[in-house]
Amino acid sequence: MKSVYPLKPDQPFNLDITLSCGQVFRWEKRGDLWTGVSAGRVISIRQSGRKIEYSGCDEEYLEYLFHLDFDLESVIGSFSTDEYIGEAVERYRGLRVMRQDPWECLLSYLCAQNTGIPNIKRMLGNMAVMNGKKIVQGGQEAYAFPGAEDLSRRCDADLKGCSTGYRSGYICRTSSMIADDPGWADRIRSLDYTGARKEIMKYPGVGRKVADCILLFGFQFYESFPVDVWIRRIMNDLYGTGNPAGPLSERDYDRIADFGREHFGNYAGYAQEYLFAGRQ
DNA sequence: GATACTCCTCCCCC
DNA sequence: AGGGGGAGGAGTA
């Protein structure tokens, strides 16, 4: 390990929980060492207590990626205190919402519809190997996440070989739109949550849930409160927000998300991650 | 405006 | 062993 990051004493951080809670899909743990590809670099990182050792990027990027410059303590303190969120915050102390690259995040959650985490990892891994640049770094070999231009050139047939299934059509069309519009992310960033959500739902394959994930993980809109089947169940169990069975209607989705925002406040999306971490 | 069905892959259970 | 059923969101009819 090349470098050591000095964690600030009043700032909780838990690397394991942060990387395994289901927000990112291209990180693997071997022994106590996590390795992932981010911004075209292979990054390795381990934590022992208050010590973070890492290699493959500079301190500035590490801080940026894991949001270590963010006052997590006061965010947690801003949740209205009830026993359920209190327990989740205690159990998953140090979980941080990472700052993902908007494009990688968009494509990741496009793939994430209608499937589980192992399969999402498989799809993204396949796409990287087949379409991404090979990186050789420090004796390790890895593949960068492919750009929108890379994917838009290899539509449909090729993408199906990545086990993306019916999503290949969405990936193809969305890639083309993004490849032709380099300012897309800045435009979304300049809007408020509601406007940004509307805008991002114009991409084929992006509905409410996928949009909310992208806005939370790729654009740091913390009022975004993604509702998937897990969160729906949890919110129903804990707060009685709606009917737990049958297909999730748009009305139910909005009711649960609005409740989340009212109950947890401006950082509802952060609260959502703490609740989601406790799913099973 | 709400409901039902399809899209595809993986995984689990028999 | 191989097949059937369920899980998981978005889009369309």
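So that the names make sense, note that chain A is the first sequence line, chain B the second, and so on, each numbered from 1.
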Looking at the rings of Y170(A) and Y203(A), which for Trp means the six-membered one, are their centres under 6.0 Å apart? no

To the nearest angstrom, the CD1-C1' distance between I117(A) and dT9(B) comes to 16 Å

To the nearest angstrom, the CZ-C1' distance between R173(A) and dC7(B) comes to 13 Å

### Query
If you look at every strand shown and take non-hydrogen atoms under 4.0 Å, does T115(A) touch a base, only sugar-phosphate, or nothing?
base

ask   = Between E223(A) (side chain) and Y267(A) (backbone), is there a donor-acceptor pair under 3.5 Å?
value = no

### Residue-phosphate contact under 4.0 Å: R279(A) side-chain N/O, dA7(C) OP1/OP2
no

Heavy-atom check, side chain of Y61(A) versus side chain of I43(A), under 4.5 Å:
yes

Rounded to whole Å, the CZ-P distance (R167(A) to dT9(B)) equals 8 Å

N126(A) CG to dT9(B) P, in whole Å, measures 12 Å

From CG of D252(A) across to C1' of dA2(B) the rounded distance in Å is 12 Å

Given the options L33(A), L15(A), V4(A), L62(A), Y54(A) meets side-chain contact (heavy atoms from CB on, under 4.5 Å) only with L62(A)

**OP:** Check every strand shown and say whether P204(A) touches a base, only sugar-phosphate, or nothing at a heavy-atom separation below 4.0 Å.
**Re:** sugar-phosphate

Rounded to whole Å, the CG-C1' distance (L248(A) to dT3(B)) equals 14 Å

Using only side-chain N and O atoms of R233(A), determine if any of them is under 4.0 Å from OP1 or OP2 of dG8(C). yes

From OH of Y166(A) across to P of dA7(C) the rounded distance in Å is 15 Å

Against the side chain of Q113(A), the closest entry in dT9(B), dA10(C), dC7(B) is dA10(C)

Ranking dA10(C), dC11(B), dG8(C) by distance to the side chain of W230(A), first place goes to dG8(C)

Closest to the side chain of V210(A), out of dT9(B), dG8(C), dA10(C), is dA10(C)

Of S163(A) and E250(A), the one whose nearest nucleotide on DNA chain B sits closer to the 5' end is E250(A)

In whole angstroms, the gap separating P of dA2(B) from CZ of R255(A) amounts to 11 Å

_Between the side chains of E73(A) and R93(A), is the shortest nitrogen-to-carboxylate-oxygen separation below 4.0 Å, so that they form an ion pair?_
yes

Residue pair M201(A)/G116(A) against DNA chain C: nearer the 5' end by closest nucleotide is G116(A)

At less than 3.5 Å, do the side-chain atoms of Y170(A) and the base atoms of dG9(C) form a donor-acceptor pair? no

